[in-house]
2 protein chains.
Amino acid sequence: MDKPNSQEQFDTETRILRAARQVFFKQGMAGARMQDIADQAGVNKALLHYYFRSKDKLFQTIFTQAFQTMLESFKAIIASPMSITEKLESFIHVYISNMRLNPYLPLFIITEINKRPEVFPRQLVPEHQQVDLKKLFAQIQKEIAEGRIAPFQPMHLIMNVLGMSIFSFIAKPMMIHMLGVNEKQYEHFLNEREAQIIAFVRSALKTS
Amino acid sequence: MDKPNSQEQFDTETRILRAARQVFFKQGMAGARMQDIADQAGVNKALLHYYFRSKDKLFQTIFTQAFQTMLESFKAIIASPMSITEKLESFIHVYISNMRLNPYLPLFIITEINKRPEVFPRQLVPEHQQVDLKKLFAQIQKEIAEGRIAPFQPMHLIMNVLGMSIFSFIAKPMMIHMLGVNEKQYEHFLNEREAQIIAFVRSALKTS
DNA sequence: ATATAGTTTAACCATCTGGTTAATTGATGC
DNA sequence: GCATCAATTAACCAGATGGTTAAACTATAT
């Protein structure tokens, strides 16, 4: 009948990667089946091994790329010449936009690292391109000292912003069941989310 | 050599349940192995089926109980006769305490609902014991109208508090790699977490 | 045309895994 | 002692799953 996926325009390797991303993101390493990925990509299962040797190798390719993606937006914002307030609001905007396109990404990363913490050593994030927290922390403390924002510990401030932004997406299924709302109501809620978080952070950081 | 687990004092069914919780929480439904659970409980694998019929049944037992646990603390706080500020701070305190004891619980619930959203219908949360949001929302709006707290939409306010509290625990492995800190530093950070979130929320809710 | 190299497929294999079963052990009442 | 019933175990089974392989197909160059 209908094709499992309309991606004939891409070459085989790309189609496998796209299919693998879909399946791994949704099912995780343990739950993903090579046959499912092959079906989704519309190719023979043996081709997965031809291009990527093993399930583990294919998974690592997907995972590493996903993790890098996550890191990149983070680092880009930190490096930019903005005020703290602007950076925080940029975080909120960027992460919420990204998650609208790719809601599974953060949860995927979190669960997979959680299951095999020993498998993801420093090697995954080479020393030279690690997030430079020191500069960001210094900037926050400077603005606090200048009285431009209320005093909060830098790491907690960042975690607050990330938590409010990311959690509302990854916990969507749980919250829908916990709060007893339906999909549509929750989507409406997510649409307001960015503005609401920004307002909340502004209020918290206001100097009295 | 040594026993896989020192729980000889419990009866077989309890030992299986405790072992299943450990394995399911960490590995998820797809990643968990019946043999692992049996080993962890120190019993023969056939006993798992003798007591719980199938992996699915055993999983459902664990999952339902975990989900109820999560709901109970939520509902208890909502029902209590506290002000909004007190309730929010109670949320923060209760969830952070619970997660110190059981860090895998929220992530477990989130990922499993995510993987099979169709399997968890309303039946899991019987109508009569669903979280009563209406009263809570009304209380929030009342306190806003009385000028006791700054105006934020109730559901966003709650999500903010839950996000800041829960996310810092479930994202621990990701944040450790993202921020390039070590386990010990992160544990120290988590110890300060409750006080920091409370301070942040208070500041945000202050009426100017 | 044909040789060559890369690509794709069907069939197959070994292992893992959830689940079953028949036999054994243990306790309890008579 | 022995009958009865629940609890426990070792051995086994069928299907699923990651992975392999030899053959077939395709395109490109000569």
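Lettering of chains follows the sequences in order, A, B, ..., and the numbering in each one begins at 1. Model, not experiment: these values are computed from the prediction.
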Legend entry - Heavy atoms of other groups near Arg202(B) CZ, more than 12 under 6.0 Å: no

Inset, instruction - Under 4.0 Å between any heavy atoms, over every strand shown, what does Phe52(B) touch: base, sugar-phosphate, or nothing? Just pick one. - result: nothing

Inset, instruction - Would you mind reading off the distance between Glu13(A) atom CD and dT8(C) atom P, rounded to a whole angstrom? - result: 11 Å

Inset, instruction - Could you please name the option among dG18(D), dG19(C), dT9(C) that lies closest to any side-chain atom of Ala46(A)? - result: dT9(C)

Legend entry - Value rounded to 0.5 Å, distance of CG in Leu157(B) from CG in Leu205(B): 5.5 Å

Inset, instruction - Tell me which nucleotide among dG19(D), dT8(D), dG18(C) gets nearest to the side chain of Met34(A). - result: dG19(D)

Inset, instruction - Ignoring backbone atoms, test whether Arg33(A) places a side-chain nitrogen or oxygen under 4.0 Å from the OP1 or OP2 oxygen of dG18(D). - result: yes

Inset, instruction - Using heavy atoms to find the nearest nucleotide of DNA chain D for Tyr50(B) and Ala32(A) separately, return the residue whose nucleotide is more 5′. - result: Tyr50(B)

Inset, instruction - Give a yes or no on whether His93(A) atom NE2 has more than 12 heavy-atom contacts from other residues, nucleotides or ligands under 6.0 Å away. - result: no

Legend entry - Near-ring test Phe108(B)/Phe24(B), centroid separation under 6.0 angstrom: no

Inset, instruction - Could you tell me the separation between the CD atom of Gln27(B) and the P atom of dG18(C), rounded to a whole number of Å? - result: 12 Å

Legend entry - Interatomic distance, His49(B) NE2 vs dT8(D) C1' [rounded to whole Å]: 15 Å

Legend entry - Distance, rounded to the nearest Å, where Ile37(A) contributes CD1 and dT17(D) contributes C1': 12 Å

Legend entry - Proximity to the side chain of Lys55(B) - top-ranked nucleotide from dT7(C), dT9(D), dG18(C): dG18(C)

Inset, instruction - Nearest 0.5 Å please: distance from the CZ atom of Phe67(A) over to the NE2 atom of His177(B). - result: 7.0 Å

Legend entry - Nearest-Å distance for atom pair OH/P, residues Tyr51(B) and dG18(C): 20 Å

Inset, instruction - State whether the distance check finds a donor on one side and an acceptor on the other, under 3.5 Å, for side chain Lys45(B) versus base dG19(C). - result: yes

Legend entry - Interatomic distance where CG belongs to Asn44(A) and P belongs to dA23(D) [whole Å]: 17 Å

Inset, instruction - Verify the contact: side-chain N or O of Thr12(B) to OP1 or OP2 of dT8(D), cut-off strictly under 4.0 Å; return yes or no. - result: yes

Inset, instruction - Calculate the interatomic distance between Arg15(B) atom CZ and dT8(D) atom P; express it in whole Å. - result: 8 Å

Legend entry - Nearest-Å distance for atom pair CE/C1', residues Met29(B) and dT17(C): 12 Å

